[in-house]
Structures are given as structure tokens and as C-alpha cells.
Amino acid sequence: DVQLQASGGGLVQPGGSLRLSCQASGFALDRPAVGWFRQAPGKEREGVACLSTWNDITYYSDSVKGRFTISSDKAKNTIYLQMNNLRPEDTAVYYCAADLGHSSSYALCHNGPSNWGQGTQVTVSS
């Protein structure tokens, strides 16, 4: 049974940092593409950071490039999103996701996953 359990969201001031974690179960992080999506109120869900676990190639949306870093710990079967220099416009519900096919990080972020985790709220406000 594939499950993705996200955690680490919260309230942070502009310029601050947060690290989101996503515990994966039911599959190993050695083949699929995994990633983080977000959805702000009134906006569509967007892929912001994706990783191909089979070749470690990453993709970032322009809105987060240079500020966010996606990584994985294969031993812990966990995916991370390090978010630095947060801005109010980063406020959203963040979802971790996986595509269990042999897709690329770019394809996952643009086409969406086969499996979604639950969301975690990130609020950037002073």
C-alpha cells in the first residue's frame, strides 16, 4: 500500500526557513520520480520541486529556483524540501507526490503524479 506522509509545515516570517519531510512507504526511493506541489487559495496546484530518484536529476519551478532544495534519504525512505528565504507568496498547502513509473522530474512537476500524499500548511507572514 503506497503512502506518503508529509510533515513540517507551520508559520514562518518572511526571509525564514522551513524543512518539509515526506515519509514514503510501500515503495523504495530508487526508481520513481518524487516531488512537492503546492496550492494557494484560489490558485491551481503547481509542481515546485521534483526529483528523479533513479538519476538524481532535479527540476524546480522558476518561482522557487535558488531558494528551495529537494532531496531524498534512501535509507530513511524520506523526501525533503528545504525552503529558504521564504516569501508571503509561498503561502500554500504543500503536498508530496510520487510517480511510480519511470518518469523524469520535469514530467512529474508538469504532468502530476500517480500518488498524492496529504498536505501540510505553510504560512509566511509577519
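Source: prediction; values computed, not measured.
Applying the salt bridge (charged side-chain N to carboxylate O under 4.0 Å, His left out) test to Arg67 and every residue at least two apart in sequence or in another chain returns Asp90. Every residue two or more places apart in sequence or in another chain that forms a side chain to side chain contact (heavy atoms under 4.5 Å, CB included) with Asp1 is listed here: Gln3. For Ser63, the side-chain hydrogen bond (donor to acceptor under 3.5 Å, both in side chains) criterion is met by Arg38, Ser61, not counting sequence neighbours. Partners of Asp62 by side-chain hydrogen bond (donor to acceptor under 3.5 Å, both in side chains), not counting sequence neighbours, listed by chain and number: Lys65. For Val93, the side chain to side chain contact (heavy atoms under 4.5 Å, CB included) partners at least two apart in sequence or on another chain are Tyr95, Gln121. Every residue two or more places apart in sequence or in another chain that forms a side chain to side chain contact (heavy atoms under 4.5 Å, CB included) with Cys22 is listed here: Leu4, Trp36, Ile79, Cys96. With sequence neighbours excluded, the residues forming a side chain to side chain contact (heavy atoms under 4.5 Å, CB included) with Ser126 are Pro14, listed by chain and number. Under the ring pair (Phe, Tyr, Trp, His ring centres under 6.0 Å) criterion, Tyr94 pairs with no residue, sequence neighbours left out.
Sequence neighbours left out, the pairs with a member in residues 69-81 that pass side-chain hydrogen bond (donor to acceptor under 3.5 Å, both in side chains) are Gln23-Thr78. Applying the disulfide (SG to SG under 2.5 Å) test to residues at least two apart or on different chains, the pairs with a partner in residues 38-85 are Cys50-Cys109.
Grouping Ile, Leu, Val, Met, Phe, Trp and Tyr residues whose side-chain heavy atoms lie under 4.5 Å apart, directly or via other members, leaves Leu11 alone, with no other cluster members. The other residues sharing a hydrophobic cluster with Tyr59 are Tyr106, where clustering joins ILVMFWY side chains under 4.5 Å apart.
In terms of hydrophobic clustering, with Ile, Leu, Val, Met, Phe, Trp and Tyr side chains grouped at heavy-atom distances under 4.5 Å, Leu86 and Ile70 are assigned to a common cluster. No continuous path of ILVMFWY side-chain contacts below 4.5 Å connects Phe37 to Val34, so the two sit in separate hydrophobic clusters.
Across every non-hydrogen atom of Ser105 and Ser52, the tightest pair is N-OG, 2.7 Å. The two residues Val64 and Val48 make their nearest non-hydrogen contact at CG2-O, 3.3 Å. Counting all heavy atoms, side chain and backbone alike, Met83 lies closest to Leu20 at CE-CG, 3.8 Å. Contact detail for Thr120 and Ala6: the closest heavy-atom pair is CG2-CB, 4.3 Å.
More than 12 non-hydrogen atoms from other residues, nucleotides or ligands lie less than 6.0 angstrom from CD of Glu89.
Distance alone, capped at 3.5 Å, places no donor-acceptor pair between the Thr58 side chain and the Leu51 backbone. Remark: side-chain polar atoms of Ser103 are not paired, donor with acceptor, to backbone N or O of Ala33 under 3.5 angstrom. A donor-acceptor pair is defined here as one N or O able to donate and one able to accept, closer than 3.5 Å; no such pair exists between the side chain of Gln5 and the backbone of Gly117. With hydrogens and angles disregarded, a donor-acceptor distance shorter than 3.5 Å links the side chain of Thr53 to the backbone of Pro32.
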